[in-house]
Q: 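Sharing a structure with you now.
The first residue of the sequence shown is numbered 1, and numbering continues consecutively from there. Atoms within each ligand, like the ligands themselves, are counted from 1 in listed order. Note that this is a predicted model, so its numbers are computed, not measured.
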Amino acid sequence: MSLFNKVTIIGIGLIGSSLARVIKRDNLAKRVSCFDAKPQYMQKALELGIVDEIHKTVANSVTNSDLIVLATPVGAYGKIIKEIAPHLKKGTIITDVGSVKTYAVKEIEANLPPQAEVFIVPGHPVAGTEKSGPEAGFDTLFEGRWYIMTPGERSSDGAVEKISKLWSYAKMRVDSMTPEHHDKVMAAVSHLPHLIAFSIVGTVADLEGYEQKEIIKYSASGFRDFTRIAGSDPTMWRDILLNNKGTILELIQRFVEDLIALERNIRWDEGDKLFELFSRTRKIRNEVVEARQDQPETEKKLLSELQRRD
Ligand code: NAP
């Protein structure tokens with residue numbers, strides 16, 4: 001039996017289209033509606049058969065929906081909620097997939113009239129790639145990864161259960177925490193690493209006295225792995241870093257201090273200190289591999305497709 005009658009996905013990019021694929025694959029809704037700022041993305045989603053209806057306005061797209069999924073960059077939430085608020089059905093669940101939660105929750109709640117009889121269950125599927133758009137999505141994107149839910153006063157037990165079920169169908173492990181705690185954890189494991197990748201790729205690309213061709217040619221030595229992260233969507237990352245500012249600035253400070261300590265270790269030939277740090281980081285890498293969090297998405301997708309064909 002379907003979990004929902006009608007689901008509307010706003011923003012049919014990588015994450016929105018991957019979720020739409022799961023909903024279609026597992027028959028979780030009778031109808032899937034969508035709206036995106038890019039009409040060509042909506043058209044593509046229709047052609048791919050992952051949505052049933054596309055709309056000229058976001059307000060029209062949500063009519064009679066019992067689930068609305070915000071899957072745009074978080075900076076767009078305020079405007080979207082203002083536009084859809086007068087068109088929401090009583091009892092509708094609003095969820096999102098945004099990578100920062102304190103700001104996302106604030107934007108949804110502040111722009112929804114207090115009398116609106118809807119439930120809000122914010123969340124973040126911690127899975128993704130550096131690609132964008134509906135063609136980049138795939139239904140196994142979320143498998144084996146964590147879905148972090150940040151329920152609040154406007155969530156209900158029933159709504160929380162439905163959203164948990166939805167992401168369980170996507171084969172995610174579901175966890176729950178406050179938006180503030182989510183943002184602190186993500187700043188360390190995602191936002192700071194992305195920021196460093198953006199910075200390193202910019203630095204290496206701008207180095208004088210190096211041939212650009214050679215940098216690309218020999219990139220497998222390490223640079224390539226940073227370019228994968230630094231190739232992520234610019235709008236999304238601008239919104240994430242600006243909307244988790246306090247925690248990010250604290251972590252940058254700490255990172256700069258640790259980098260300067262490394263600089264000193266090298267300058268003063270403190271090989272034992274370098275060895276100790278690198279041994280510690282190698283141990284962390286082994287723990288990540290053991291926790292099965294290491295497979296790049298493309299590799300995972302390929303494996304999953306091969307397994308399905310078998
Ligand atoms: P994406 O592939 O770029 O898709 C987002 C889509 O939303 C784009 O087509 C974009 O159009 C559209 N959009 C922007 N503003 C809109 C508006 N006001 N109304 C309707 N559509 C609008 O991005 P994504 O990677 O799926 O990311 C979407 C959300 O998922 C973000 O909040 C991100 O934080 C979260 N997330 C991403 C990942 C990841 O790895 N990518 C992982 C977990 C969570 P334009 O391009 O024209 O702006």
Q: Among side-chain atoms of Asp183 and Thr247, is any donor-acceptor pair under 3.5 angstrom?
A: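 There is no such pair between these side chains.
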
Q: Do Lys101 side-chain atoms and His181 backbone N/O form a donor-acceptor pair below 3.5 Å?
A: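 Checking the backbone N and O of His181 against the side chain of Lys101, no donor-acceptor pair under 3.5 Å is found.
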
Q: Closest non-hydrogen protein atom to atom 42 (C) of ligand 1, residue and atom name please, with distance?
A: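 That would be Ala127 O, 3.0 Å.
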
Q: Taking only heavy atoms of Thr129 into account, list the atoms of ligand 1 that are under 4.0 Å away from them.
A: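 Taking each heavy atom of Thr129 in turn, ligand 1 has 40 (O), 41 (N) under 4.0 Å.
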
Q: Provide the closest heavy-atom pair for Val160 versus Ser155 in the form atom of the first, atom of the second, distance.
A: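 Nearest pair, atom of Val160 first, then Ser155: CG2-CB, 3.9 Å.
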
Q: Just distances here: any N/O of Gly133 and N/O of ligand 1 closer than 3.5 Å?
A: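 Min N/O separation from ligand 1 is below 3.5 Å for Gly133.
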
Q: What part of Ala136, side chain from CB on, backbone N/CA/C/O, both or neither, has a heavy atom under 4.0 Å from ligand 1?
A: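 Near ligand 1, Ala136 shows nothing, with every heavy atom at 4.0 Å or more.
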
Q: With heavy-atom distances below 4.0 Å as the criterion, list the atoms of ligand 1 near Phe35.
A: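 Those of ligand 1 that fall under 4.0 Å from Phe35 are 19 (N), 20 (C).
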
Q: Starting from atom 13 (N) of ligand 1, what is the nearest protein heavy atom, named by residue and atom, and what distance separates them?
A: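 Result: Thr72 CG2, 3.8 Å.
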
Q: So if I count the atoms of ligand 1 from 1 in the order they appear, which ones are less than 4.0 Å from some heavy atom of Tyr41?
A: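 Going through ligand 1 atom by atom, the ones under 4.0 Å from Tyr41 are 9 (O).
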
Q: Assess whether side-chain hydrogen bond (donor to acceptor under 3.5 Å, both in side chains) is satisfied between Thr281 and Arg285, documenting all intermediate values.
A: CA-CA 6 Å; Thr281 56; Arg285 167 67 190 169; over 6 Å; no

Q: Give the residue and atom name of whichever protein heavy atom lies nearest to atom 46 (O) of ligand 1, and the separation in Å to one decimal.
A: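 Of every protein heavy atom, Lys38 NZ, 2.6 Å lies nearest to atom 46 (O) of ligand 1.
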
Q: Where does His124 meet ligand 1, judged by heavy-atom distances below 4.0 Å: at the side chain, the backbone, both, or neither?
A: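 Side chain only.
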
Q: Do any N/O atoms on Leu14 end up under 3.5 angstrom from N/O atoms on ligand 1?
A: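 Yes, at least one N or O pair falls under 3.5 Å.
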
Q: May I ask you to identify the nearest protein heavy atom to atom 17 (C) of ligand 1, giving residue, atom name and distance to one decimal place in Å?
A: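 Going by distance alone, atom 17 (C) of ligand 1 is nearest to Ile80 CD1, 3.9 Å.
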
Q: Short list, please: which atoms of ligand 1 are under 4.0 Å from a heavy atom of Val97?
A: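 Going through ligand 1 atom by atom, the ones under 4.0 Å from Val97 are 29 (C), 30 (O), 35 (C), 36 (N), 44 (C).
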
Q: Counting non-hydrogen protein atoms only, what is the nearest one to atom 15 (N) of ligand 1? Give residue, atom name and distance.
A: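 For atom 15 (N) of ligand 1, the nearest protein heavy atom is Ala76 CB, 3.8 Å.
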
Q: Do any non-hydrogen protein atoms sit less than 4.0 Å from atom 48 (O) of ligand 1?
A: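 When distances to the protein are checked, atom 48 (O) of ligand 1 has no heavy atom within 4.0 Å.
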
Q: Does the residue Val126 have a heavy-atom contact with ligand 1, meaning some pair of atoms that are separated by less than 4.0 Å?
A: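 Not so, Val126 does not reach ligand 1.
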
Q: Please state which option from Leu70, Ile15, Asp36, Asp233 has its nearest heavy atom closest to atom 10 (C) of ligand 1.
A: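 Ranked by closest heavy atom to atom 10 (C) of ligand 1, first place is Asp36.
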
Q: Which residue supplies the protein heavy atom nearest to atom 40 (O) of ligand 1, what is that atom called, and how far is it?
A: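 I find the closest protein heavy atom is Gly128 CA, 3.3 Å.
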
Q: From Trp167 CH2 over to His124 NE2, what is the distance, rounded to the nearest 0.5 angstrom?
A: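 With rounding to 0.5 Å, CH2 (Trp167) is 9.5 Å from NE2 (His124).
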
Q: Is it the case that the side chain of Thr92 and the backbone of Val118 share a donor-acceptor pair, with hydrogens and angles ignored and the cut-off at 3.5 Å?
A: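 Not a single qualifying donor-acceptor pair exists.
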
Q: Is any side-chain heavy atom of Leu67 closer than 4.5 Å to one of Lys162?
A: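 A side-chain contact is absent here, since even the closest heavy-atom pair is not under 4.5 Å.
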
Q: Counting heavy atoms only, which of Gly13, Pro39, Cys34 comes nearest to atom 4 (O) of ligand 1?
A: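 It is Gly13 whose heavy atom sits nearest to atom 4 (O) of ligand 1.
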
Q: Which residue, Arg25, Lys171, Lys24, forms the salt bridge (charged side-chain N to carboxylate O under 4.0 Å, His left out) with Asp139?
A: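 Option passing the salt bridge (charged side-chain N to carboxylate O under 4.0 Å, His left out) with Asp139: Arg25.
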
Q: Just do the side-chain contact (heavy atoms from CB on, under 4.5 Å) check on Thr8 and Ile84 with the steps written out, would you?
A: CA-CA 11 Å; Thr8 297; Ile84 65 173; over 6 Å; no

Q: Looking only at heavy atoms, is any part of Pro125 under 4.0 Å from ligand 1, and if so is it the side chain, the backbone, or both, or is it neither?
A: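 Backbone only; the side chain of Pro125 stays clear of ligand 1.
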
Q: Suppose we measure from atom 5 (C) of ligand 1 to each protein heavy atom; which comes out shortest, and what is that distance?
A: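 Sorting protein heavy atoms by distance from atom 5 (C) of ligand 1 puts Ala71 O, 3.7 Å first.
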
Q: Could you check atom 36 (N) of ligand 1 against the protein and tell me its nearest heavy-atom contact, residue, atom and distance included?
A: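 In this structure, atom 36 (N) of ligand 1 has Ser99 OG, 3.3 Å as its nearest protein heavy atom.
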
Q: Below 3.5 Å, N or O to N or O, backbone or side chain included: is there any such pair between Ile240 and ligand 1?
A: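 No, there is no polar N/O contact under 3.5 Å.
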
Q: With rounding to the nearest 0.5 angstrom, report the CG to CD distance, Leu14 to Glu130.
A: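 Rounded to the nearest 0.5 Å, the CG-CD separation comes out at 9.0 Å.
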
Q: So if you build clusters from Ile, Leu, Val, Met, Phe, Trp, Tyr with side-chain heavy-atom gaps below 4.5 Å, do Met236 and Leu242 land together?
A: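 No; tracing contacts between hydrophobic side chains, which count when under 4.5 Å, never links both residues.
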
Q: Taking Ile266 as the starting point, is it possible to reach Leu277 by hopping between hydrophobic residues whose side chains are less than 4.5 Å apart?
A: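 Linked within one cluster.
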
Q: Take Ile10 and Val62 through the test side-chain contact (heavy atoms from CB on, under 4.5 Å) and record every step on the way to the result.
A: CA-CA 9 Å; Ile10 303 174; Val62 300; 4.2 Å; yes

